[in-house]
2 protein chains.
Amino acid sequence: MKDFFNQFDFQSDQLFGKLNSAEKKFADRVMEKLLIKKGSTLFYEGGIPTGVFQLKNGRAKKFKRGFSGEEQIFYIYTKDDVMGYHALLGEERYQDSCEALEDLEVNFISKSNFLKLLNDVPRLKQAVIKNISHEFGVLANTIAVLAQKDQNTRLAIFLMLLEKKFKQKIAESAGIDLTRDDLSNMIGTSSESLGRSLKQFKDSGIIEIEKRVIYIKNKKALLKFLRLDSITQDALVY
Amino acid sequence: MKDFFNQFDFQSDQLFGKLNSAEKKFADRVMEKLLIKKGSTLFYEGGIPTGVFQLKNGRAKKFKRGFSGEEQIFYIYTKDDVMGYHALLGEERYQDSCEALEDLEVNFISKSNFLKLLNDVPRLKQAVIKNISHEFGVLANTIAVLAQKDQNTRLAIFLMLLEKKFKQKIAESAGIDLTRDDLSNMIGTSSESLGRSLKQFKDSGIIEIEKRVIYIKNKKALLKFLRLDSITQDALVY
DNA sequence: TATTTTAATTAACATATGTTATATATTTGT
DNA sequence: ACAAATATATAACATATGTTAATTAAAATA
């Protein structure tokens with residue numbers, strides 16, 4: 001069921017697909033290629049917006065600091081994803097932060113060029129607005145998972161989503177490679193407690209771990225946690 | 001600290017404040033007053049958008065069904081809040097549902113009239129887009145609370161937020177009047193387990209309960225759960 | 001108002017998660 | 001390649017939350 005994954009996918013990799021060839025040409029012309037080192041930020045909460053970014057290679061985490069200061073990761077961007085447009089369309093400051101999980105290759109479009117592009121191509125502006133509404137729904141779905149599911153179920157869901165995300169876009173690997181801190185942060189638990197759940201999954205043959213990379217070995221068993229109807233469940237085992 | 005509350009407030013009650021008197025006149029003219037019974041829906045997930053609503057009296061819950069079907073409440077609307085515009089701006093269907101928690105008095109603006117208003121008043125369109133971005137941040141903050149805080153802390157946070165929300169807009173009462181099912185759903189626990197937390201708060205004199213209405217009696221003790229710095233904490237005791 | 005239905009409260013027990021501590025593995029910087 | 005720093009794995013114990021069940025309170029309906 002494609003639907004299951006779409007509920008948790010921003011789909012911001014498809015934004016520039018709305019452009020025709022002439023428009024694409026303009027976009028390409030104003031794009032600036034940047035190389036960003038692992039651990040550095042593309043933008044940060046409270047900063048003045050400089051433009052938008054499209055990831056061409058690598059992964060980045062999007063997070064927000066709650067009122068008590070701890071970071072909360074709520075999305076991971078991969079190849080082709082566009083980010084940073086919320087602040088350009090509406091807010092005067094970035095509302096969240098984005099940090100490279102590994103060395104990145106990024107296309108940058110400055111604020112003025114992006115606004116010009118939006119202005120010249122109403123279809124694109126419409127698509128961006130529509131996408132923000134879609135992303136709103138993704139966050140609502142994330143809230144539902146965090147509020148309703150126990151830890152093992154949350155882990156199962158995130159493993160499914162992350163494997164798809166990483167497989168889809170990073171040809172060379174189907175494994176899930178995240179620090180235990182980042183993964184536990186997303187799932188809403190401590191890294192030690194996440195470790196316990198991972199061990200349970202390992203012991204029942206659902207996953208294997210090499211170095212820190214998690215490989216799903218028994219997708220059907222993982223899906224059992226999701227309590228989907230059997231038709232949807234079957235559709236997810238590809 | 002006003003900031004604390006704003007992090008969790010859609011602020012959609014201020015949208016029509018962007019209009020000048022002539023524009024307001026047009027809006028008033030096309031507004032249709034509706035009376036909606038407790039328990040009925042203003043709109044529902046998957047439905048075709050008909051227009052936007054402004055609450056003039058009463059409260060409504062916004063929720064979404066996760067992939068396994070259970071409803072997840074992620075916002076409560078009160079007096080003057082505007083809702084239903086996401087679907088008009090971008091999506092072709094409502095992405096979530098909205099249900100009356102009590103008998104409502106609502107102003108309805110049809111899709112065509114609202115789109116006309118947006119078109120005639122670019123400032124309003126801009127404000128709506130900006131608001132959706134802001135709401136995105138509210139959901140991210142909600143994710144942080146659900147992922148990072150234990151049950152008593154989540155309860156403390158939601159009690160603070162709900163009391164402010166209800167006091168601000170419903171003059172006659174400062175109590176928190178929600179079914180245990182709705183409150184536990186928001187907080188991410190079972191109603192029985194919520195009951196245990198409520199009892200703990202009651203026994204330590206933090207709250208009092210009459211019928212099912214919760215009254216905060218010791219705000220300072222509640223704030224201890226939030227682990228705010230003492231300056232922010234002091235600012236919240238008014 | 002009386003009756004029926006639904007919601008709230010509470011307790012006891014089972015299970016899940018948080019926390020601290022220690023050992024091992026991996027990465028980083030020289 | 002080595003040392004130092006950081007990340008991961010795991011266990012043991014403490015605490016928090018889930019679950020079932022029984023009782024009481026409140027709300028809906030006739």
Side-chain angles (χ1 to χ4, degrees), chain A residues 37-40 61 68 70-71 73 100-103 145-159 175-204 206-215 225 227, chain B residues 37-40 61 68 70-71 73 100-103 145-159 175-204 206-215 225 227:
Chain A
K37 280 284 168 199
K38 172 177 178 173
S40 54
K61 63 178 173 183
S68 24
E70 323 86 7
E71 92 177 35
I73 302 170
L101 289 173
E102 53 208 335
D103 289 356
V145 168
L146 291 170
Q148 296 177 351
K149 308 300 186 185
D150 66 19
Q151 184 170 298
N152 281 2
T153 306
R154 297 199 302 273
L155 176 57
I157 291 169
F158 277 96
L159 288 181
I176 296 152
D177 181 9
L178 287 173
T179 69
R180 294 296 173 259
D181 277 353
D182 282 347
L183 186 55
S184 60
N185 178 298
M186 297 180 72
I187 285 171
T189 189
S190 63
S191 64
E192 298 90 337
S193 196
L194 166 64
R196 173 168 38 210
S197 290
L198 285 172
K199 182 158 165 44
Q200 287 168 15
F201 281 20
K202 242 189 326 188
D203 289 349
S204 33
I206 299 176
I207 60 170
E208 273 178 17
I209 297 180
E210 284 172 36
K211 306 263 175 141
R212 73 170 179 203
V213 186
I214 303 165
Y215 298 91
F225 283 96
R227 297 176 175 285
Chain B
K37 280 285 168 198
K38 172 176 178 175
S40 54
K61 62 178 174 183
S68 22
E70 322 86 4
E71 92 176 35
I73 302 171
L101 289 172
E102 53 208 335
D103 289 355
V145 168
L146 291 169
Q148 296 176 353
K149 309 300 186 185
D150 66 18
Q151 184 171 297
N152 281 2
T153 306
R154 298 199 301 274
L155 175 58
I157 292 168
F158 277 95
L159 288 181
I176 297 152
D177 181 9
L178 287 173
T179 69
R180 294 297 174 258
D181 276 353
D182 282 346
L183 186 55
S184 60
N185 178 298
M186 297 181 72
I187 285 171
T189 188
S190 63
S191 64
E192 297 91 338
S193 197
L194 166 65
R196 173 167 37 210
S197 291
L198 285 173
K199 184 161 165 39
Q200 287 168 15
F201 281 20
K202 242 187 327 186
D203 289 348
S204 34
I206 298 175
I207 60 171
E208 274 177 16
I209 297 179
E210 283 172 36
K211 308 264 174 139
R212 72 171 179 203
V213 185
I214 302 166
Y215 298 91
F225 283 96
R227 296 176 176 284

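Below, chain A is the first sequence line, B the second, and so on; all start at residue 1.
The side chain of B:Ser190 contributes no N or O atom lying less than 4.0 Å from OP1 or OP2 of D:dT19. Phosphate contact (OP1/OP2 of D:dT8, side-chain N/O of A:Arg180, threshold under 4.0 Å): absent. For D:dG18, the OP1/OP2 oxygens have a side-chain nitrogen or oxygen of B:Ser193 closer than 4.0 Å. The phosphate of D:dG18 has OP1 or OP2 within less than 4.0 Å of a side-chain N or O from B:Gln151. Phosphate contact (OP1/OP2 of D:dG18, side-chain N/O of A:Lys149, threshold under 4.0 Å): absent.
Across all strands, B:Thr179 comes closer than 4.0 Å only to sugar-phosphate atoms, never to a base (heavy-atom distances). Using a 4.0 Å heavy-atom distance criterion, B:Ile209 is classed as a sugar-phosphate-only contact. Within 4.0 Å (heavy atoms only), A:Ser191 reaches no atom of the nucleic acid at all. Counting any heavy atom pair closer than 4.0 Å across all strands shown, B:Leu194 reaches no nucleic acid atom.
Among D:dT17, C:dT27, D:dT10, the nucleotide with an atom closest to any side-chain atom of A:Lys211 is C:dT27.
Between B:Lys37 atom NZ and D:dA28 atom P the separation is 11 Å, expressed in whole Å. The nearest whole Å value for the distance from the CD atom in A:Glu208 to the P atom in D:dT8 is 19 Å. Between the CG atom of A:Leu198 and the P atom of D:dA11 there is a distance of 14 Å, given to the nearest Å.
The nearest heavy atom of DNA chain D to B:Gln200 and to B:Lys38 marks one nucleotide each, and the one closer to the 5' end goes with B:Gln200. Checking B:Ser197 against A:Arg196, the closest nucleotide of DNA chain D that is more toward the 5' end is the one next to A:Arg196.
Closest heavy-atom contact between B:Leu194 and B:Ser184: CD2-N, 3.6 Å.
Distance CD/A:Glu102 to NZ/A:Lys38: 8.0 Å, rounded to 0.5 Å. One distance of note links CG of A:Asn152 with OG of A:Ser193; it measures 8.5 Å at 0.5 Å rounding.
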